[in-house]
Amino acid sequence: MSGILGGLARRSVVGATRRTQQVRQFGHGHVEYTGAEATLRKYLPEDHHIVLANLGAVVGIYAIYKMTQIGKKPAPEPAAPAAAPSASDAEIPSLLDEGFEEFAKVPGNIEKWEKSVE
């Protein structure tokens, strides 16, 4: 029986030492702020207040930027000048070129193209 009572006595001693230990919550003590941070802490005393203020500032700046961009369209690119049809055999465009349709609309150019293909 002394074995059982001895075990209980040891457990109660170990439990007693655990109960008397200081519980640490890793907090910090009171800090005295100076300068700009003291002014900031007067209006935003907690750390999470500062985080929320920064987040609000970023969202606010983005919203203002987006509101100023509403209705603005990018400037249109100037249209390329249309190629003037030419009568010269040296300037006959390829069938795959963009200007071939305009070249083909001019009377007599199809015959010139056919001769250049032969």
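Note that the coordinates shown come from a computational prediction; the quantities given were computed from them, not determined experimentally.
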- Task: Provide the closest heavy-atom pair for Gly99 versus Pro93 in the form atom of the first, atom of the second, distance.
- Result: O-CG, 4.5 Å

- Note on the structure: Taken in chain and number order and not counting sequence neighbours, the residues that satisfy side chain to side chain contact (heavy atoms under 4.5 Å, CB included) with Ala53 are Leu44

Looking at [atom1] of [X] and [atom2] of [Y], how far apart are the two atoms once the value is rounded to the nearest 0.5 Å?
X	Y	atom1	atom2	result
Phe103	Ile110	CZ	CD1	7.0 Å
His49	Leu40	NE2	CG	11.5 Å
Tyr65	Ile61	OH	CD1	13.0 Å
Glu102	Asp97	CD	CG	11.0 Å

- Determine whether more than 12 heavy atoms belonging to other residues, nucleotides or ligands lie under 6.0 Å from atom CD of Gln69. yes

- Message: Counting only heavy atoms from other residues, nucleotides and ligands, does the tally under 6.0 Å from CD of Glu101 exceed 12?
- Response: no

- Item | Qualifying residues under side chain to side chain donor-acceptor pair (under 3.5 Å), relative to Glu32, sequence neighbours excluded | His30

- Message: Would you say that Ile70 contacts Lys66 through its side chain, given a criterion of any heavy-atom pair below 4.5 Å between the two side chains?
- Response: no

- Item | Non-hydrogen side-chain atoms of Arg41 and Ile50 separated by less than 4.5 Å | yes

